[in-house]
Amino acid sequence: MTGIPLSCPDITESEIQAVTDVLRSGRLSIGPRQARFEEMIADRTERRRGVAVSSGTAGLHLVLTALGIGPGDEVITTPFSFIASANSILYVGAKPVFVDIDARSLNMDPAKVEQAITPETKAILGVEIFGDPTHMERLAQIAGAHEIPLIEDCCEGLGGIYKNRPLGSFGRAAVFGFYPNKQITTGEGGMIVTDDDKLADICVSLRNQGREDMSLHDPGCDIASGSWLSHGRLGYNYRLSEIASALGIAQMERLDDILQARRNVAAMYMAQLMGWDDLILPNIHENESRSWFVFVVRLSDLYGQTERDRIVQGLRRHDIGASNYFPCIHLQPFYRKRFGYDRGTYPIAESVSQRTVALPFFNQMDETRVELAVHTLKVMLQREQLLLNRDA
Ligand SMILES: *Cc1c(COP(=O)(O)O)cnc(C)c1O
């Protein structure tokens with residue numbers, strides 16, 4: 001690899017072997033590996049059921065659909081997330097109602113969530129952004145008190161634990177994503193987990209074109225019965241292939257090593273960045289075992305978006321992967337146009353989002369690469385300091 005990428009999947013011989021085995025087996029979709037992968041994620045998150053889907057986004061779409069959320073309904077969610085969490089609400093024709101975040105956890109401020117609840121609120125869609133689990137418990141309490149479901153978008157937190165509970169165990173249903181930059185990958189893929197059998201059964205049907213006969217697993221053999229082509233509801237093709245599932249199983253078998261490798265990289269960054277006045281480092285809470293998704297630092301209030309953008313560009317010019325995770329969803333061109341949002345609507349989310357810098361972060365990162373990324377960041381920061389002082 002030239003330079004240091006922002007992220008990089010961790011694929012070993014065991015993943016390659018697992019995928020090759022599927023290719024040789026002749027069964028490329030709807031088979032035993034999907035079921036095994038579901039079981040592994042459900043066990044890990046202490047849930048009764050896992051439903052594998054083609055992406056995290058598809059998982060969120062199915063959960064909202066299965067809960068019967070649709071036009072006229074409101075779903076409370078965060079403006080500081082990857083766009084998929086809010087888009088899924090639009091897919092079902094409901095309205096995302098954003099509430100501002102807490103500057104420490106970077107997740108929705110629970111007090112503001114309570115204020116935003118109306119008779120039209122049909123769910124809360126909470127995100128564990130960067131794997132931060134605080135507030136999910138509180139959001140579950142608020143949802144419970146109002147008798148509405150909490151949907152947990154834990155796409156960034158597989159394997160994390162908070163107060164002895166795994167991420168993915170807080171919502172009525174929770175959704176993971178397995179894009180190549182996540183803790184584990186299936187290329188593309190996702191997983192719904194829940195204790196609600198009925199909800200899981202509806203999701204199983206919805207991901208498979210609305211088929212109702214759950215006993216059908218082998219289209220080739222069951223075509224004669226006719227029920228393979230009986231569709232009870234409007235469904236989708238959101239299945240996860242056996243190839244992707246095999247990759248997921250091989251990654252899950254290594255999950256503890258993967259999480260440890262990521263903790264080590266995060267610890268190296270923390271040690272090297274500690275004491276820099278200009279930076280706010282990620283918050284780790286008491287009673288928490290963080291599953292690290294990305295390593296995001298925040299510039300202090302001395303800096304603004306212009307400086308941040310120049311720092312990200314500067315890092316990239318030196319072949320150091322960097323990004324502005326995440327631009328606020330309500331300020332995305334499409335949301336502005338459709339809902340008329342303007343700057344200043346969610347000031348905390350906006351202020352945070354203008355100052356974040358995601359640094360290279362992946363399992364195989366060693367001390368030398370961390371040092372190089374930190375050193376380059378330091379040079380970029382010093383340049384901005386000089387520019388600020390000159391302008392002052
Ligand atoms: C990655 C991610 C998703 C969507 O995952 P895909 O598998 O890419 O569809 C949803 N929400 C959040 C917060 C994510 O980080």
Side-chain angles (χ1 to χ4, degrees), residues 6-9 37-38 41 50-65 75-92 96 98-99 101 105-108 123-136 139 150-160 167-168 170-171 173-193 203 206-207 236-241 244-245 247-248 251 262 282 290-296 323-330 332 335 349 352-353 356 358 361-362:
L6 184 57
S7 76
C8 179
F37 185 40
E38 289 175 336
I41 301 270
V51 180
V53 286
S54 54
S55 71
T57 309
L60 292 169
H61 182 191
L62 289 197
V63 167
L64 285 155
T65 306
V75 178
I76 295 173
T77 195
T78 172
F80 187 69
S81 178
F82 181 58
I83 195 161
S85 51
N87 277 355
S88 64
I89 299 165
L90 294 178
Y91 294 162
V92 298
F98 296 112
V99 302
I101 61 171
S105 74
L106 310 185
N107 288 317
M108 282 191 283
I124 298 171
L125 197 162
V127 181
E128 279 131 339
I129 202 74
F130 307 149
D132 189 307
T134 41
H135 297 336
M136 208 41 95
L139 294 183
L150 170 69
I151 300 162
E152 183 183 358
D153 177 346
C154 43
C155 284
E156 304 190 357
L158 179 67
L167 272 72
F170 292 93
V175 176
F176 293 100
F178 308 123
Y179 184 74
N181 72 341
K182 311 278 183 185
Q183 285 87 333
I184 70 161
T185 187
T186 59
E188 296 283 358
M191 184 77 68
I192 300 162
V193 293
C203 290
L206 284 171
R207 81 162 165 204
Y236 305 87
N237 179 357
Y238 284 170
R239 296 184 301 259
L240 190 69
S241 77
S245 299
L247 191 45
Q251 293 258 286
R262 297 175 88 81
R290 172 69 55 92
S291 169
W292 289 88
F293 168 52
V294 285
F295 195 86
V296 174
S323 192
N324 55 333
Y325 288 163
F326 283 105
C328 284
I329 296 174
H330 67 284
Q332 294 286 350
Y335 279 80
V352 167
S353 141
T356 53
F361 190 77
F362 48 92

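We count ligands from 1, going down the list as the structure has it; atoms in each ligand are counted the same way. Sequence positions, counted from 1, serve as the residue numbers for this chain.
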Is the closest heavy-atom distance from Gly189 to ligand 1 below 4.0 Å? yes
My understanding is that we take every heavy atom of each candidate and find the minimum distance to atom 8 (O) of ligand 1. Doing that for Phe130, Phe293, Tyr179, which one comes out nearest? Tyr179
Does any N or O atom in Ala58 lie less than 3.5 angstrom from one in ligand 1, N or O only? no
Does only the side chain of Val127 get under 4.0 Å from ligand 1, or the backbone, or both, or neither? Count heavy atoms. side chain
Run the contact test for Gly190 against ligand 1 with a 4.0 Å cut-off on heavy atoms, strictly below, and give the result. no
The atoms of ligand 1 lying under 4.0 Å from a heavy atom of Lys182, numbered in the order shown, are 1 (C), 2 (C), 3 (C), 14 (C), 15 (O)
Using a plain distance cutoff, I'd like to know if Asp153 has any nitrogen or oxygen under 3.5 Å from a nitrogen or oxygen of ligand 1. yes
Run the ring-centre check on Tyr91 versus His61 and record whether the distance is less than 6.0 Å. yes
Ring centroids only, cut at 6.0 angstrom: are Phe80 and Tyr325 within range, meaning strictly under it? no
Here the pair of heavy atoms bringing Pro96 nearest to Tyr335 is CG-CE2, 4.3 Å
Tightest non-hydrogen contact, residues Ile329 and Ala86, listed as CG2-CB, 3.9 Å
Derivation and outcome, salt bridge (Lys or Arg N to Asp or Glu O under 4.0 Å), residues Glu156 and Arg262: CA-CA 13 Å; Glu156 304 190 357; Arg262 297 175 88 81; over 6 Å; no
